[in-house]
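All remarks here apply to the structure that follows.
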Amino acid sequence: MYDNSLKIVYDKLVKETRYEDSYDKFVRVMGKPENRRLVYDVLKEQTGYGESYEDFESKIMTGTRAATRQAAMAPYAGLDCVYVCSGPSAKRYHLVKDCKGLSKCYGYILEMTVDEAQARGKTPCKMCFKQ
């Protein structure tokens, strides 16, 4: 799921204030700096939230990036076939076998599911998975 610290802030906000938006909307809202400051001020004032703004913002940004990545990849979850280079420096998985990112593969090009590629620590190719 999404980053735990972001979820904790959301749960605290819902429980102790009158915040009623969905978690997904909360993640989108928290992407803007002015909204992060507003939520921090409300939490601090209404709930006695004790962390510094810098710590709060760091946690929120980590959670927002994780949530954004997960939402962007949701349509590809369970995809039957992506391509991964077996070379030692390979870091990405690809939608097409002839992707430019695979052109310098120093190994074999393997076929696997997105879930298998992610389990091996691979991340999506920025050329194949443009948003």
Side-chain angles (χ1 to χ4, degrees):
M1 187 133 175
Y2 302 147
D3 184 77
N4 193 37
S5 59
L6 188 62
K7 183 72 169 128
I8 290 169
V9 169
Y10 172 77
D11 290 342
K12 187 170 187 69
L13 191 64
V14 168
K15 182 180 176 185
E16 299 184 22
T17 69
R18 293 183 180 174
Y19 192 82
E20 297 178 351
D21 287 332
S22 71
Y23 182 64
D24 289 334
K25 183 172 182 180
F26 174 73
V27 169
R28 288 191 303 274
V29 165
M30 294 308 284
K32 296 181 180 178
E34 62 273 15
N35 293 338
R36 289 193 297 274
R37 186 68 205 205
L38 178 64
V39 169
Y40 174 78
D41 290 343
V42 167
L43 277 173
K44 191 161 184 84
E45 180 182 312
Q46 293 186 15
T47 69
Y49 190 76
E51 293 190 28
S52 71
Y53 179 71
E54 292 75 22
D55 290 343
F56 171 80
E57 186 170 45
S58 174
K59 287 181 179 181
I60 294 301
M61 290 309 297
T62 300
T64 302
R65 284 190 295 270
T68 301
R69 280 192 306 271
Q70 183 173 348
M73 290 308 299
Y76 303 108
L79 196 62
D80 288 338
C81 184
V82 293
Y83 301 93
V84 175
C85 177
S86 66
S89 63
K91 297 177 181 157
R92 310 275 183 202
Y93 57 89
H94 306 266
L95 278 176
V96 292
K97 198 171 188 174
D98 61 349
C99 174
K100 184 178 178 182
L102 282 170
S103 65
K104 295 181 182 176
C105 175
Y106 296 106
Y108 299 103
I109 296 176
L110 308 171
E111 292 182 13
M112 59 186 67
T113 66
V114 169
D115 296 334
E116 290 170 327
Q118 289 175 340
R120 291 180 178 211
K122 308 299 183 194
T123 58
C125 167
K126 292 178 183 174
M127 292 179 275
C128 292
F129 292 89
K130 290 180 189 172
Q131 288 296 321

Using modelled atom types and a 3.5 Å cut-off, is there a donor and acceptor pairing between side-chain atoms of Q118 and backbone atoms of D115?
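No.
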Results of side chain to side chain contact (heavy atoms under 4.5 Å, CB included) for [X] - residues two or more places apart only:
X	result
Y108	S86, L110
S89	none
A117	V82, V84, Y93, M112, K122

Working note: M127 + H94, criterion side chain to side chain contact (heavy atoms under 4.5 Å, CB included); need CA distance, chi angles, decisive distance, verdict.
CA-CA 8 Å; M127 292 179 275; H94 306 266; 5.8 Å; no
Nearest 0.5 Å please: distance from the SG atom of C85 over to the NZ atom of K91.
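Between C85 SG and K91 NZ, I get 12.0 Å after rounding to 0.5 Å.
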Return the set of residues passing disulfide bond (SG atoms under 2.5 Å apart) with C125 (not counting sequence neighbours), or none when no residue passes.
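Disulfide bond (SG atoms under 2.5 Å apart) check on C125 returns nothing, list empty.
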Contacts under 3.5 angstrom, residues 95-104 side chains, donor-acceptor by atom type, not counting sequence neighbours:
unit_1: S103; atom_1: OG; unit_2: K100; atom_2: O; d: 2.7

